[in-house]
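All remarks here apply to the structure that follows.
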Amino acid sequence: ARQKKFYVGLVGGVDATAVKFQKIDSVGATYGLMLGYQLNKKLSIETGFYVEKKYYYSDGKYFDRSNLKNMPANWKIDEASGDCKMFEIPVSLKYNFSSRKNSNWFATVGTSSYFMKKESYAFKIYYGTYGPVSHSYAYHDSTKYFFSNLNFSVGYMHRLGNFADLRIEPYLKAPVSGVGIGKLPLLSTGLQIGLTKKF
């Protein structure tokens with residue numbers, strides 16, 4: 001019988017994001033479509049398309065103000081709480097390091113490109129010595145951030161008969177460059193759960 005090497009999956013999960021190891025503001029979400037190709041018994045290459053909602057907090061000193069226009073003189077950001085909606089396209093190499101008849105343990109390493117769609121911020125701003133004053137802004141951004149993160153994960157996969165494979169995968173996404181209007185380095189961790197099917 002012909003060995004099935006391609007697989008497709010539906011994946012969703014929760015996401016926690018921090019800037020420079022500061023506090024986590026709230027928990028976001030990720031969901032989307034995974035595509036994979038099995039190179040041999042141990043190695044696979046994977047990609048996909050994901051929709052992500054992230055929440056994060058930052059001290060003002062980490063927020064790049066150069067893209068903020070029409071702001072008054074002698075002002076500074078004290079702190080910022082933000083959220084964004086973005087698309088993610090990852091490329092990863094998956095390695096099965098422990099396999100049994102109906103299950104296996106695996107690890108992945110790769111990179112992601114982000115396509116920003118919208119950002120919203122609640123700022124606390126000082127005008128000279130006056131403040132802090134609260135302001136809210138929304139930015140519709142279409143900037144592309146290629147290979148902006150390094151991705152790592154360890155996961156478990158279990159075969160559900162001939163129906164599909166259940167995949168449980170904690171992950172870490174470490175920033176290579178800043179993203180968004182403030183060029184913030186977003187460090188994300190979370191858990192993805194999905195169903196994949198070979199064909």
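Evaluation of the side chain to side chain donor-acceptor pair (under 3.5 Å) test over residues 97-110, restricted to residues two or more places apart or in two chains, returns Thr108-Ser153.
For Gln22 (side chain) and Asp59 (main-chain N/O), a donor-acceptor pair under 3.5 Å exists by modelled atom type. In terms of modelled atom types and a separation under 3.5 Å, the side chain of Lys5 and the main chain of Ser44 share no donor-acceptor contact. Under a 3.5 Å cut-off, the side chain of Ser113 and the backbone N or O of Phe147 do form a donor-acceptor pair.
The hydrophobic cluster containing Val154 does not contain Phe106, counting ILVMFWY residues as joined when their side-chain heavy atoms lie under 4.5 angstrom apart, directly or transitively. When hydrophobic clusters are built by joining Ile, Leu, Val, Met, Phe, Trp and Tyr residues whose side-chain heavy atoms come closer than 4.5 Å, directly or via intermediates, Ile181 is grouped together with Tyr56. Note on Val8: it clusters hydrophobically with Leu10, by side-chain heavy-atom contacts below 4.5 Å among ILVMFWY residues. Criterion: ILVMFWY side-chain heavy atoms under 4.5 Å apart, direct or through other members. Under it, Ile168 and Phe97 are not part of a common hydrophobic cluster.
Between Leu160 and His158, the closest side-chain pair of non-hydrogen atoms falls below 4.5 Å. When side chains are defined from C-beta on, Leu191 counts as touching Pro170, because their heavy atoms get closer than 4.5 Å. Contact annotation: the side chain of Thr47 never approaches that of Ser92 to less than 4.5 Å [non-hydrogen atoms, C-beta and beyond]. Side-chain contact between Tyr145 and Leu186 is absent, with no heavy atoms from C-beta onward closer than 4.5 Å. Glu169 is not listed as a side-chain neighbour of Lys94, based on a closest heavy-atom distance of 4.5 Å or more. Residues Ile77 and Arg65 meet the side-chain proximity criterion, which asks for heavy atoms closer than 4.5 Å.
Distance check: Glu119 CD to Lys85 NZ gives 13.5 Å after rounding to the nearest 0.5 Å. Distance check, rounded to the nearest 0.5 Å: CD1 of Ile125 to CG of Asp78 gives 9.5 Å. Distance CG/Asp83 to OH/Tyr121: 8.5 Å, rounded to 0.5 Å. Taken to the nearest 0.5 Å, the CG atom of Leu166 stands 8.5 Å off from the CE atom of Met157. The line from CD of Gln38 to CD1 of Ile45 is 13.0 Å long, rounded to the nearest 0.5 Å. The line from CZ of Phe152 to OG1 of Thr189 is 12.0 Å long, rounded to the nearest 0.5 Å.
In summary, of the residues considered (Asn151, Asn149, Leu187, Leu150), a side-chain contact (heavy atoms from CB on, under 4.5 Å) with Leu172 occurs for Leu187 alone. Between Tyr37 and the options Phe199, Phe6, Tyr7, a ring pair (Phe, Tyr, Trp, His ring centres under 6.0 Å) holds for only Phe6. Each of Tyr139, Tyr57, Phe63, Trp75 was checked for a ring pair (Phe, Tyr, Trp, His ring centres under 6.0 Å) with Phe123, and the lone residue meeting it is Phe63. Here the options are Phe49, Tyr50, Tyr114, the test is ring pair (Phe, Tyr, Trp, His ring centres under 6.0 Å), and the partner is Phe87; only Phe49 passes.
The shortest heavy-atom contact between Ser120 and Ala138 is OG-CB, 4.1 Å. Minimum heavy-atom separation, Pro132 to Tyr126: CD-OH, 3.3 Å. Considering all non-hydrogen atoms of both residues, His135 and Val133 come closest at NE2-CG1, 3.5 Å. Scanning both residues, Met116 and Met86, for their nearest heavy atoms gives CE-CE, 3.6 Å. The minimum heavy-atom distance between Asp15 and Thr17, with the atom names listed, is OD1-OG1, 2.7 Å. Of all heavy-atom pairs spanning Leu184 and Ser58, the tightest one is CD2-OG, 3.9 Å.
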**OP:** Take Val11 and Arg167, measure what side chain to side chain contact (heavy atoms under 4.5 Å, CB included) needs, and give me the verdict at the end.
**Re:** CA-CA 9 Å; Val11 179; Arg167 176 172 172 144; 5.7 Å; no
Original post:
Passes side-chain hydrogen bond (donor to acceptor under 3.5 Å, both in side chains), Lys173 versus Ser112? Steps please.
Top reply: CA-CA 9 Å; Lys173 300 177 182 179; Ser112 284; 5.2 Å; no
Original post:
Lys61 and Lys76: side chain to side chain contact (heavy atoms under 4.5 Å, CB included), yes or no, with the steps?
Top reply: CA-CA 9 Å; Lys61 65 184 178 183; Lys76 68 175 183 178; over 6 Å; no
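Heavy atoms of other residues, nucleotides or ligands lying less than 6.0 angstrom from NZ of Lys20 number 12 at most. Annotation for Tyr31: atom OH does not count as buried by contact number, only 12 or fewer foreign heavy atoms lying within 6.0 Å. Summarising the local packing, NZ of Lys53 is surrounded by more than 12 heavy atoms from other residues, nucleotides or ligands at distances under 6.0 Å.
Geometric assessment of Lys144 against the ring of Phe146 yields a negative cation-pi assignment under the 6.0 Å and 45° thresholds.
Listed by chain and number, the residues in a salt bridge (Lys or Arg N to Asp or Glu O under 4.0 Å) with Asp64 are Lys183 (sequence neighbours excluded).
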